[in-house]
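When a ligand or atom number is given, it counts from 1 through the structure's own listing order. Only this structure's heavy atoms are used, side chains among them; waters, hydrogens and symmetry mates stay out.
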Amino acid sequence: MKHFEVNFDGLVGPTHNYAGLSYGNVASQSNAHAISNPQEAAKQGLLKMKALTELGMTQGVLAPQERPDLATLRRLGFTGSDGRVLEQAAKQAPAVLAACYSASSMWTANAATVSPSADTQDGRIHFTPANLTNKFHRSLEPDMTGRILRAVFNNERYFSHHRHLPDNDHFGDEGAANHTRLCRAYGEAGVELFVYGRSAFDHARPAPQRYPARQTLEASQAIARLHGLDDENVVFIQQNPAVIDQGVFHNDVIAVGNQNVLLFHQQAFLNTAEVLADIRHKFGEGELHFIEVPTAEVSVRDAVTSYLFNTQILTLPNGDMALIAPTECRDNPTIAHYLETRLRNDTPISQVHYLDVKQSMRNGGGPACLRLRVAMNDEELAAVNPACLINDRQLTRLDQWITRHYRDRLSLDDLRDPALVEESRCALDELTQILKLGAIYPFQR
Ligand code: SUG
């Protein structure tokens with residue numbers, strides 16, 4: 001039996017825009033109110049998926065959510081026709097309207113936490129959608145995320161789907177963005193690292209002062225329990241609050257792991273020495289590479305602006321490891337120098353590929369944010385909805401679908417346009433046929 005990791009990228013939705021919704025996410029704030037290009041955003045995402053298939057990887061795709069979320073706007077007291085709801089919301093609560101329009105489900109690293117079958121008690125792959133309680137626009141995602149995941153991983157023998165954690169900041173959960181798995185081989189039990197920003201129940205623990213810590217310890221512990229993980233294979237790690245205060249709103253902005261490699265910034269964690277010793281102990285025998293990037297070489301600021309750590313480390317079919325980095329890393333001389341000289345010295349990473357995902361980067365979403373990793377074997381892969389796996393045919397169909405339905409310019413003012421609601425629905429209706437999802441969207445019922 002073969003074992004590998006499949007990346008499921010979020011398809012960027014037709015309402016991709018820059019609304020400055022994420023306090024604590026520097027890029028989202030600094031690009032607030034910029035004009036977006038949804039068509040370019042979706043195509044950049046598709047080209048990233050294509051690039052991975054060309055490297056020999058199995059690549060999947062997850063459908064976007066329906067936006068605007070008119071049901072939420074109605075729940076908040078806006079009434080009448082769709083057009084009237086938009087008009088009133090634009091007048092009375094433009095920030096709420098923008099939140100209900102966000103295409104943020106494209107960052108599927110925040111869709112769910114996934115534990116592969118080699119780690120779980122019942123030998124199934126476990127999924128828990130993230131509740132994303134810390135940001136209103138993102139808290140609208142989990143129910144639909146669950147529905148999408150069930151439509152893609154639709155087989156109870158192999159896949160176990162949990163409901164998202166309670167919708168309360170005490171259990172704030174941001175999914176795989178704060179979760180990494182180290183292992184000797186994908187098919188063997190690994191060590192699952194859960195990184196949290198604060199404890200919701202123990203106020204004596206350190207917490208950031210300026211920006212919110214989105215993930216709590218208690219949420220991470222609940223996921224580990226739900227997934228039936230063995231204590232011996234789990235490490236809970238507190239993120240350094242000082243870096244959250246510098247814009248590291250998820251751990252995947254400052255650390256990334258794959259198999260026996262953990263690439264992280266010197267300031268990523270609290271009590272780093274203890275954390276590393278714990279990981280090493282639980283990892284057991286075999287080579288384990290801790291690649292610690294010192295502040296003297298890369299500042300936290302450079303890490304946040306370049307997204308050096310929001311890269312994907314892939315194990316290619318020939319066993320080599322490759323790093324998928326945003327072009328912002330190549331354009332920053334310090335980071336380019338680090339990647340071209342230091343990184344490849346004495347580490348298993350032998351190639352670096354730069355991809356342009358600028359439309360997503362402007363909202364603080366790099367290559368790693370755009371993907372949900374699922375380690376699986378042949379048999380499990382055969383149980384995945386095949387239309388959600390990328391091949392040349394699906395790439396062509398999706399590319400044409402984007403060209404047909406997406407605008408190439410969207411300003412916040414455009415969000416009041418009722419035509420955008422219809423365009424998006426029409427696009428998503430067709431998408432459910434391309435990806436064979438069934439009628440998953442509320443407007444289709
Ligand atoms: O949750 N940005 C997202 C970016 C998520 C990145 N994901 C990971 N690091 N895994 C967020 O902050 C900005 C939307 C706006 O401002 O319009 C936004 O939601």
Side-chain angles (χ1 to χ4, degrees), residues 7-10 12-13 15-38 41 45 62 64-65 67-69 94-114 129-142 145 172-180 195 197 211-215 239 243-244 247-257 268 303-312 324 326 328 357-373 410-412 414-415:
N7 288 281
F8 288 83
D9 279 39
V12 179
T15 66
H16 161 66
N17 70 87
Y18 300 118
L21 300 172
S22 283
Y23 180 64
N25 167 344
V26 181
S28 149
Q29 303 223 260
S30 48
N31 291 304
H33 300 219
I35 308 275
S36 66
N37 183 336
L62 295 178
Q65 306 211 354
R67 293 292 179 269
D69 183 341
V96 176
L97 178 66
C100 291
Y101 249 114
S102 179
S104 54
S105 66
M106 66 203 250
W107 299 296
T108 51
N110 305 117
T113 306
V114 184
N131 62 18
L132 300 167
T133 54
N134 191 258
K135 298 280 175 271
F136 175 65
H137 67 294
R138 304 225 57 184
S139 72
L140 307 176
E141 297 174 31
T145 300
D173 172 25
E174 300 277 322
N178 290 327
H179 176 254
T180 305
V195 184
Y211 291 144
R214 300 196 196 183
Q215 177 99 25
Q239 208 180 346
V243 300
I244 297 180
V248 180
F249 57 99
H250 288 137
N251 177 62
D252 69 4
V253 176
I254 199 132
V256 53
V304 170
T305 52
S306 70
Y307 264 34
L308 164 63
F309 297 94
N310 201 262
T311 44
Q312 296 178 245
I324 305 296
E328 282 76 357
V357 287
K358 281 200 172 55
Q359 284 285 331
S360 167
M361 284 287 284
R362 286 187 197 125
N363 256 338
C369 300
L370 286 161
R371 63 94 164 94
L372 182 68
R373 302 192 264 190
L410 207 56
S411 70
L412 290 185
D414 295 324
L415 304 186

Check: Within the distance-only criterion (no hydrogens, no angle test), does the side chain of Asn310 pair as donor or acceptor with the backbone N or O of Ala368 below 3.5 angstrom?
Finding: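 A pair under 3.5 Å: yes.
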Notebook entry, point to check: Does Asn25 reach the main-chain N or O of Ser28 with its side chain, forming a donor-acceptor pair under 3.5 Å?
Noted result: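 Flag set: sc Asn25 to bb Ser28 pair under 3.5 Å.
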Margin query: With a 4.0 Å cut-off on heavy atoms, is Lys135 in contact with ligand 1?
Written below: no
Item checked: ligand 1 contacted by Glu174 (non-hydrogen, < 4.0 Å) -> no
Checklist line | Side chain, backbone, both or neither: Asn363 near ligand 1, heavy atoms under 4.0 Å | finding: both
Next item on the list: Mind checking whether Asn31 contacts ligand 1 via backbone (N, CA, C, O), side chain (CB onward), both or neither, at a 4.0 Å heavy-atom cut-off?
Entry: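 Neither; nothing of Asn31 gets under 4.0 Å from ligand 1.
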Give me the residue, atom name and distance of the protein heavy atom closest to [atom].
atom	value
atom 18 (C) of ligand 1	Ser22 OG, 3.3 Å
atom 8 (C) of ligand 1	Cys369 SG, 2.8 Å
atom 10 (N) of ligand 1	Asp252 OD2, 2.7 Å
atom 19 (O) of ligand 1	His137 NE2, 2.7 Å
atom 17 (O) of ligand 1	Ala19 N, 2.9 Å

Notebook entry, point to check: How far apart are the closest heavy atoms of Pro38 and Gly13, and which atoms are they?
Noted result: CB-O, 4.4 Å
Checklist line | Partners meeting salt bridge (charged side-chain N to carboxylate O under 4.0 Å, His left out) with Arg362 (sequence neighbours left out) | finding: none
Item checked: Exercise: do Ser104 and Gln65 side chains pair donor with acceptor under 3.5 Å -> no
